[in-house]
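One structure below.
Computed over heavy atoms, backbone and side chain alike; hydrogens, waters and symmetry mates excluded. Throughout, a chain's letter reflects where its sequence line sits, starting with A, and its residues are numbered from 1.
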Amino acid sequence: MAGYIGSKVVKALITLWLIFTVAFLAARISGDAMDFIMPEGMNEEAREAMTSYLGLDKSWLEQYWLYVRNVFHGDLGTSFHFRQPVIDLYTQRFIPTLTLCGLAMLLSMAISIPLGVIAALKKNRPAGFLIQSAAFLGYAVPNFVLAILLILVFSFHLGWLPSSGSDTMMHYIMPVTALACTLIASLTRFSRSALLDVLSQDYIRTARAKGVGNFSVLTVHGLRNAMITIVTVLGLQVAALVSGSVVIENVFSWPGIGELLVFAAIKRDYPLLQTGVILVGTIVIFINFIVDVVYVLIDPRIQPGS
Amino acid sequence: MKGTKRKAFFAGVCTAAMMVLSTMAGAAEITIGAANMREYVDPGRDHSNVGSMQYINTFNTLIGKDPTKIEPEFRPEIAESWEMVSPTTMELKLRKDVVFHNGDPMTADDVVFSLERVFHPTYAPYVSISKEYFDNMDRAEKIDDYTVRVHTKKPDPIIVTLLNVSESMIVPEKYIKGLTGDPDVAEDSDYDAFALAPVGTGPFMITEFIAGQKLVWERFDAYWGDKPDIAKATVTRINEMAARITALKNGEVDIITNVPPDQIATIERDSNLKVEGMQTPIFHLVFFNTNNPKMADKRFRQALALGIDRNLLNEALWYGKARVPEYHTFPQFGELYDPSWSTIEYNPEKAKRLLQEVGYDGTPLRFDTSATYYTNGFLAAQAIKEMWAQIGVTVNLNVDDRWTGSDGDMEVRNWSNPLYFPDPVGSYGTMWSPTGARITANSWTPAKPEGYASYQELWDKFRFSMDINDRKKYYREIMEYVADEAPYSLLYQPYESYGLRKDVNWKPLPGHIPYVLDFRKGNITVNL
């Protein structure tokens, strides 16, 4: 297991390095950070002073080397616009994003797995058809459209829910729902098809032939095996969840890292953007790592290292 | 006995209730949903439209100005009095009762420190302000604890104006230097830290600041001047326009900024809400890169300027509430504001003739615009494209959030020129003077004006003439010259609206630069 984890960590680090390099280059190719620092008429002399102050007069190679070196010294840089260490900024905003994504994930699992089971069991009945259709619809509606729709109905017209900020529990309802919707939809569909797939296997027939009750067949034999697919999808969806939160946080003025990332991308705040990308990359890689470990736990056929 | 007790209790409750009621008005708290917020609070390095809202409540200038009047009417603020003791030296007597929010008394040392940090910056973010505002400032000097002198290089007709701008507001020397490192030296890291934990002398102190997200002002009880009518104001960033309007309707906030013209009706339909607005002292404009061969002929640029129907833009995009200017002038210029003549003209026939003279061959122009940065900016660009098509010029709109103003291949783009301070130097000057943004960025190389050795000479005549009539005369010469050179063409002064709950009495004041949220005494009250 240790060797298995070790090789995963090495792979993760290489992936992170690649992600970081792409982010470093993409940020610079797509625009000059100086254009976003007082763009409304900065005198050229002042522009030069700022350029050298921020170290942007150095070549890309030099900037790259300096950044990598600083990262190894535990310094992730200082934001151009905020003039504070980017790590402080992300620490400040990490919890709100984690809460938002975590709740969305729990909500999705709580809703979609039972729905998926019902849809699978009532495959050719109206209930199954209804769930399938709803799932398709949920998958098709972009989360920002849903977010605006929720705001329109529950804040603008009904005045029941607050539309921006994260001060109270009431503030969580709409962002979590909007963020979870796509995940609920895709997870329902995957649970359904995974379960259907499993239920058509020989060992299910064997189990039934042995006289195992319907409920046991479904939970012990059916769901347990279907979980492998569900966990895989869940792992893959984490990336979608995190990128979805970027949009959702902006719509609901949610003080999380998504809002900060959008700011960093628009303003070409390189240190802020690079660190953000590394951070999101780390989260996604970490979750996938957890998924890999969970595989081993739920499916004894998968051997670590194989 | 029982009855007496009950009566006494009742009387007590009544008195308490009355006391509460009488202090309620002053205890009001309000919340503001702002479209954008700055990542720092430091008046010395901020001249952005986003940041301008933060300063008037937190800090003081040496010389004040009545914000309710559109024309400049200066008045004492931290300086009780001032006089010119020589053509290049102003002496200012300071109030003795000014205290910083951290409890430190304010003295001449703080004033000299505040001014010197922007006159002779050691911190790169101050350089821009230093060049654009304080280029003619020589130094600030302490005479005694409550007297300072400000020396200029040449006699300066706008020295009073410059000591009124938010960029020359007073900040605490000891506090700043002590934030990091050596407590006797102002290091870069001190300025970085100050901008996140700002301390001033203003009527409100900032008790919470989350960069770019939230700012909380609480009334400062030791303020030297009139105490404000509200106890607390919280600004939070609500970037999405629909979310902002919803938050207002929903009672989450009391004031929202940046209401686009087409949303005014939505707010006014709600009986609890109202809209306040004014023609903001800022111009939206298009400018041309005269150093791009395609744009090099001034007659071509003149034709483009003549081809824009600004009144139509105003009617269609601003419901007629914007202001089409006569030339680069604002009523805020006071004595220098003269609407009796004009250089702006809409004349498509003349434009066509000029294009014929130039022999324009129909090559499309690239018009750069951001999708959302300026209110109505993209719509205006689309409309101008059609207007130019009518005079025979083809345009490709290039929608890009990048600032392309300094790119050599830029041809045409939209922009804005705010009023940074109430003088042509503070609007036309920062952008179009020889040291302004456009010439230094090499998008305009001015031709020699007739009768002068250079544009610099003409500009200096205007900049440094001490007589108001001379300044008027030279500004007119500059305006006529620049209309002929046509490196840019003004569109309009936009109308900026705010949404408010009906029980909040506040409106933007004409004496301020754009987007200032002034909550000082008398400028905001809440009905209960």
Side-chain angles (χ1 to χ4, degrees), chain A residues 30-32 34-54 78-85 88-89 92-93 144 147-148 151-152 154-165 167 171 249-253 255 259-260 262-263 266-269 272, chain B residues 33 38-40 45-49 121 123-132 188 191-193 195-196 210-214 236-240 242-247 249-253 373 400-407 415-418 430-431 435-442:
Chain A
S30 67
D32 184 349
M34 286 309 297
D35 292 342
F36 297 90
I37 297 167
M38 292 192 251
E40 296 255 339
M42 188 197 240
N43 172 296
E44 276 304 296
E45 200 176 324
R47 190 185 168 96
E48 277 160 30
M50 258 333 256
T51 310
S52 83
Y53 180 67
L54 298 174
T78 301
S79 158
F80 291 168
H81 289 263
F82 289 88
R83 299 300 316 147
Q84 41 176 324
D88 292 357
L89 287 164
Q92 228 176 50
R93 296 171 195 235
F144 58 89
I148 299 274
I151 289 181
L152 195 65
F154 293 101
S155 298
F156 194 83
H157 287 299
L158 298 173
W160 291 350
L161 295 172
S163 60
S164 57
D167 303 332
H171 283 91
E249 285 180 8
N250 270 279
V251 175
F252 291 100
S253 306
E259 224 206 357
L260 204 57
V262 170
F263 177 91
I266 290 174
K267 299 277 187 178
R268 305 295 192 283
D269 192 326
L272 197 60
Chain B
R38 209 75 172 113
E39 307 80 49
Y40 56 81
R45 63 163 150 137
D46 199 350
H47 63 174
S48 68
N49 291 333
Y123 180 58
Y126 290 141
V127 174
S128 176
I129 301 284
S130 183
K131 288 280 151 208
E132 283 152 33
D188 285 358
Y191 292 123
D192 283 347
L196 298 173
I210 304 176
Q213 278 189 348
K214 188 179 183 189
T236 48
R237 176 173 179 266
I238 307 179
N239 187 237
E240 192 69 33
R244 217 156 50 241
I245 291 178
T246 303
K249 237 177 115 68
N250 211 359
E252 294 167 56
V253 296
Y373 189 78
D400 189 338
D401 278 331
R402 275 182 291 174
W403 170 248
T404 53
S406 308
D407 299 356
W415 199 28
S416 74
N417 284 184
T430 42
M431 302 306 190
T435 52
R438 293 278 44 90
I439 294 181
T440 58
N442 213 23

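- Contact tally against chain A (heavy-atom pairs below 4.5 Å) for B/Thr236, B/Asp188, B/Ile245: the top residue is B/Asp188.
- Summarising the geometry of A/Val251 relative to B/Glu240, their closest heavy-atom pair is O-CB, 4.1 Å, with the distance given to 0.1 Å.
- Going from atom CG of A/Asn250 over to atom CD1 of B/Ile238 covers 12.5 Å, rounded to the nearest 0.5 Å.
- Counting heavy-atom pairs under 4.5 Å between each of A/Pro162, A/Ser52, A/Gly165 and chain B puts A/Pro162 at the top.
- Neither the backbone nor the side chain of A/Leu152 has a heavy atom closer than 4.5 Å to any heavy atom of chain B.
- Closest non-hydrogen pair, B/Val127 versus A/Ala46, comes out as CG1-CA, 3.7 Å.
- Side-chain contact between A/Ser79 and B/Glu39 is absent, with no heavy atoms from C-beta onward closer than 4.5 Å.
- Without hydrogens or angle criteria, B/Asp192 side chain to A/Gln84 main chain gives no donor-acceptor distance under 3.5 Å.
- Put simply, the side chain of A/Arg83 reaches to within 4.5 Å of the side chain of B/Arg45, judged on heavy atoms.
- Residue A/Phe252 does not touch chain B at all, counting heavy-atom pairs closer than 4.5 Å.
- Distance alone, capped at 3.5 Å, is enough to place a donor-acceptor pair between the B/Glu252 side chain and the A/Ser164 backbone.
- Neither the backbone nor the side chain of B/Ala195 comes within less than 4.5 Å of any heavy atom of chain A.
- Annotation for A/Ser253 and B/Asn239: closest pair OG-N, 3.8 Å, computed over non-hydrogen atoms.
- A pairwise comparison of heavy atoms in B/Tyr40 and A/His81 identifies CD2-O, 3.6 Å as the closest pair.
- Interface remark: B/Ile210 contributes side-chain atoms only to the contact with chain A (heavy atom separation under 4.5 Å).
- Top candidate by heavy-atom pairs under 4.5 Å with chain A, chosen from B/Thr404, B/Ile439, B/Asn250, is B/Asn250.
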> Where do B/Gln213 and A/Gln92 land on the side chain to side chain contact (heavy atoms under 4.5 Å, CB included) test, with the steps shown first?
Replying inline: CA-CA 12 Å; B/Gln213 278 189 348; A/Gln92 228 176 50; 5.6 Å; no
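- Using a 4.5 Å cut-off between heavy atoms, B/Leu196 touches chain A through its side chain atoms alone.
- Looking at B/Tyr123, only its side chain comes within 4.5 Å of chain A, counting heavy atoms on both sides.
- Taking both residues in full, the closest heavy atoms of B/Ala124 and A/Ala49 are given as CB-O, 3.8 Å, listed atom of the first, atom of the second, then distance.
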